[in-house]
Amino acid sequence: MNIIVPVKLVPDLVEELTIDASGTALDTAWLRMIINEFDDHAIEQAILIKERTGAHVTVLSTNVEGVDDLLFTAAAKGADRLIKLNGDFEGGVNNHALARAITDIVKGLQPDLVLTGVQAHNDLDGQIGPLLAGYLEMPYVGCVSGFTMNNGQVIARKEYPGGLLAEMAVRLPAVLGIQAAEQPPRYVAISKIRQIMKSTIIEEQAIATLDSEGGPTIGRMFKPEVSEYAIMIEGDINEICTKLIEVFKEAGVL
Amino acid sequence: MSQDIYIVIEHLRGQVAEISYVMLAAGHELAKGTGGKVVAVLLGHNLSGLSSNLAASHVLYLDHPALVDFTSDAYHNALTILINENNPRIVMFGHTSIGMDVASGLSARMGLPLVSQCREVHVDGGTLKFVSQACGGKIMAEGELPAPMSLVTMVPGGLKPELGQSEQPPEVIRMPVVELEGIRITLKDYIEPEIGDVDIAKESVLVSIGRGIQNKDNIELAQDLATALGGVVSSSRPVVDQGWLPSTRLVGKSGKSVKPKIYLALGISGAPEHTEAITGSNMIVAINTDPVAPIFSLAKYGAVVDMFDLLPMLTEQVRKVKES
């Protein structure tokens, strides 16, 4: 079983986001990039399958700031092979370009299964998983929160609204968009990551062209104009508590 | 090339999803500019009654046994044929478990541009425009819907579903049964949601926790307040994904929609996947350390304060009021 996990770094939403001078993109100068949280779940799910069945796990990502940490962390969790893609990614790249760029590389790795995060918060032209599945001509199921494998197929549990799950049988090779791994992404100690850095190599592959055809052109990016805003309760903890008691009474629950 | 707006109706087990009506409302916005028709596209098998309140000029009903349950393969094959034959201006999907599986795949297979996470669409001087939400609702991106044809996924929140409903049932045009081959995905079974100790959809007081709760042990603080108020603890996705609360307590796109008298959001930033399920609440109160958290634009009252400082004292005061 050969599992490929393409992952991407996205802006950390805990930080304040600012729009750049062009007015059409985020200002990347001060952006802190972190792994897309759903991709983190995809890595976890791949490692779980490896632990159960002895699968070989390759994690690949684009060469932007923070990628080495991301890849070494994946290795410390149990990934077998790390690949960094070199290209002109710093100015931002849409999902169509990214999916096209990694299609040949993923194909060359002859996967049985490709696991991606189901989505990322900055997807404006679709999701990497189903785009990649389209280019690879593989079947795709997204919003997956766990699966089992038998006889050349996976039985994936797809989430629908209201807690309903659909069990779907998918012929391999396939791409799955992971909503949540069967257990929370594991924590690895920094010391273990440092150790891995000494013994693990990140392979590099060049991406010649980035073709963004298929995504929209952004004419303007802005922060949502807030038409309505909460009445803010100010003061020290005591005052806030007193006011909240009044609010509970207003709501008719106290 | 037609100027029609095709809305791919989302339905599951005999129920039309609310996003379908939001999309129909969006379709009417766009049709004002294109002069085309708003066409509902219904895929399924032996469906009846689903289309009676769709605000569409007509329904194109693709009926085939392979479409009895949703799979992206069957939808791709059926829609590819339909799109190639009719060349609509826009084909719209929900930004949902179903729509996300289909739209990107079609974009890749057919070489059609795709704009996702659209919250609003409108016509501006003859051009069709979109406004998409990104970064958990903190950023909006605006642009033109690529011509001559584009695929769109819509999120709720921007347009009222009532605008996509009609009392006049639209004409249903049954499309010739298409050959659907090479289906690699099959539905085995549905797994019903767990029946939990409580049904959060029916509770009148929800003390809801998000990522800000930090760890499992802290949940007790929220639980204490919920008990004092006679309510229960619910949560956003990260708390359930961490295994700190069962999925029966999940409020949001993949969990439950709630409508309590009061929804107290503790350390919940207010990502769209969560907020779409709480708009039915009578009152939303948000406590967060981030003064620009999107939840504050939805809440009636808010406070920028550390919940760990607040909760013990607040619980104590609620108890005192109850006792007096």
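Proteins come first, then strands; the chains are lettered A, B, ... in the order of their sequence lines, and each starts at number 1.
For B:Phe70, the parts sitting under 4.5 Å from any heavy atom of chain A are the backbone and the side chain alike. Heavy atoms closer than 4.5 Å to chain A are found in both the backbone and the side chain of B:Val318. Contact annotation for A:Ile19: only side-chain heavy atoms (C-beta onward) come within less than 4.5 Å of a heavy atom of chain B. Contact annotation for B:Pro260: neither backbone nor side-chain heavy atoms come within less than 4.5 Å of a heavy atom of chain A. With a 4.5 Å cut-off on non-hydrogen atoms, A:Ile128 does not touch chain B at all. Heavy atoms closer than 4.5 Å to chain A are found nowhere in B:His76, neither backbone nor side chain. Within the 4.5 angstrom heavy-atom criterion, no atom of A:Ala133 approaches chain B. Heavy atoms of B:Gln242 lying under 4.5 Å from chain A belong to its backbone as well as its side chain. Of the atoms belonging to B:Arg13, it is side-chain heavy atoms, and not backbone ones, that fall under 4.5 Å from chain A. Of the atoms belonging to B:Thr186, heavy atoms from both backbone and side chain fall under 4.5 Å from chain A. Interface remark: A:Pro139 contributes backbone and side-chain atoms alike to the contact with chain B (heavy atom separation under 4.5 Å). Neither the backbone nor the side chain of A:Val10 comes within less than 4.5 Å of any heavy atom of chain B. Using a 4.5 Å cut-off between heavy atoms, B:Glu316 makes no contact with chain A at all. For A:Arg157, the part lying under 4.5 angstrom from a heavy atom of chain B is the side chain only. Both the backbone and the side chain of B:Ala299 come within contact range of chain A, judged by heavy atoms closer than 4.5 Å. Of the two parts of B:Ser247, neither the backbone nor the side chain holds a non-hydrogen atom closer than 4.5 Å to a non-hydrogen atom of chain A. Only the side chain of A:Gln119 comes within less than 4.5 Å of a heavy atom in chain B; its backbone stays farther off. The part of B:Asp73 that comes within reach of chain A is its side chain, from C-beta onward, which places non-hydrogen atoms under 4.5 angstrom from that chain. Only the side chain of B:Leu264 has a heavy atom closer than 4.5 Å to any heavy atom of chain A.
Screening residues 26-42 of chain A for salt bridge (charged side-chain N to carboxylate O under 4.0 Å, His left out) gives A:Asp12-A:Arg32, A:Glu15-A:Arg32, A:Glu37-B:Arg211, A:Asp40-A:Lys77 as the qualifying pairs, with residues at least two apart or on separate chains.
The heavy-atom pair separating B:Ser107 from A:His96 by the smallest distance is OG-NE2, 2.7 Å. Across A:Leu26 and B:Cys135, no two heavy atoms sit closer than the pair CD1-SG, 4.1 Å. Here the closest heavy-atom approach between residue B:Ser97 and residue A:Glu159 is recorded as OG-O, 2.6 Å. Nearest heavy atoms, B:Met283 versus A:Val247: SD-CG1, 3.6 Å. Smallest separation of non-hydrogen atoms from A:His121 and B:Gly136: CB-N, 3.9 Å. Smallest separation of non-hydrogen atoms from B:Ala108 and A:Gly134: CB-CA, 3.8 Å.
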message: Does B:Gln317 form a side chain to side chain contact (heavy atoms under 4.5 Å, CB included) with A:Phe248? I'd like the steps, not just the answer.
response: CA-CA 11 Å; B:Gln317 292 203 16; A:Phe248 293 158; over 6 Å; no
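Considering only heavy-atom pairs separated by less than 4.5 Å from chain B, the leading option among A:Ala120, A:Gly142, A:Ala156 is A:Gly142. Of the residues considered (A:Asp123, A:Asn122, A:Asn95), A:Asp123 shows the highest number of contacts with chain B, using heavy-atom pairs under 4.5 Å. For chain A, the option among B:Lys261, B:Lys129, B:Arg119 with the highest count of heavy-atom pairs below 4.5 Å is B:Lys261. Here A:Asp125 is the residue among A:Leu17, A:Asp125, A:Thr24, A:Val118 with the most heavy-atom pairs under 4.5 Å with chain B. By number of non-hydrogen pairs under 4.5 angstrom with chain A, the leading residue of B:Gln133, B:Gln117, B:Lys256, B:Lys322 is B:Gln117. For chain B, the option among A:Ala251, A:Ala99, A:Ala230 with the highest count of heavy-atom pairs below 4.5 Å is A:Ala230. Put simply, of B:Pro113, B:Pro146, B:Pro294, the one with the most heavy-atom pairs under 4.5 Å next to chain A is B:Pro113. Of the residues considered (A:Gly252, A:Gly129, A:Pro216), A:Pro216 shows the highest number of contacts with chain B, using heavy-atom pairs under 4.5 Å. Note: A:Gly163 leads A:Gly215, A:Gly235, A:Gly163 in heavy-atom pairs under 4.5 Å with chain B. Contact count versus chain A (heavy atoms, under 4.5 Å) is highest, among B:Met100, B:His95, B:Arg109, for B:Met100.
Heavy-atom contacts from other residues, nucleotides or ligands closer than 6.0 Å to CD of B:Gln15 number 12 or fewer. Heavy-atom neighbours of A:Glu65 CD from other residues, nucleotides or ligands within 6.0 Å: at or below the threshold of 12.
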Quiz: residues 300-313 of chain B side-chain donor-acceptor pairs under 3.5 angstrom, not counting sequence neighbours:
unit_1   : atom_1 : unit_2   : atom_2 : d
B:Lys300 : NZ     : A:Glu250 : OE2    : 2.6
B:Tyr301 : OH     : A:Glu250 : OE1    : 2.5
B:Tyr301 : OH     : A:Glu250 : OE2    : 3.3
B:Asp306 : OD1    : B:Phe308 : N      : 2.9

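In this structure, the side chains of A:Tyr160 and B:Ile98 come closer than 4.5 Å at one or more pairs of heavy atoms. The closest side-chain heavy-atom distance from B:Val115 to A:Leu124 is not below 4.5 Å. Using a 4.5 Å heavy-atom threshold, the side chains of A:Glu16 and B:Val292 count as separate. Residues B:Ile287 and A:Leu244 form a side-chain contact, since some pair of their non-hydrogen atoms from C-beta on lies under 4.5 Å apart. B:Lys188 places none of its side-chain heavy atoms less than 4.5 Å from the side chain of A:Met168. Between B:Phe130 and A:Ile218 there is a side-chain heavy-atom pair separated by less than 4.5 Å. Annotation: side chain of B:Ile185 is not in contact with side chain of A:Arg171 (no heavy-atom distance under 4.5 Å). The closest side-chain heavy-atom distance from A:Leu164 to B:Leu12 is below 4.5 Å.
Between the side chain of B:Ser72 and the backbone N or O of A:Tyr140 there is at least one donor-acceptor pair closer than 3.5 Å. No side-chain donor-acceptor contact under 3.5 Å links A:Lys223 to the backbone of B:Lys138. Side chain of B:Ser104 to main chain of A:Leu131: no donor-acceptor pair is present (N/O by atom type, distance under 3.5 Å, no hydrogens or angles).
Between A:Cys143 atom SG and B:Asp101 atom CG the span is 6.5 Å, to the nearest 0.5 Å. Here A:Leu165 contributes atom CG and B:Asp189 contributes atom CG; the two are 11.0 Å apart, rounded to the nearest 0.5 Å.
Aromatic ring pairs are classed by plane angle as parallel below 30°, tilted from 30° to 60° and perpendicular above 60°; the pair B:Phe296 and A:Tyr229 is tilted.
Qualifying side chain to side chain donor-acceptor pair (under 3.5 Å) partners for B:Glu142, counting only residues two or more places apart in sequence or in other chains: A:Arg220.
The stretch residues 173-188 of chain A places A:Gln179, A:Ala180, A:Pro184 near chain B, each with some heavy atom under 4.5 Å from a heavy atom of that chain.
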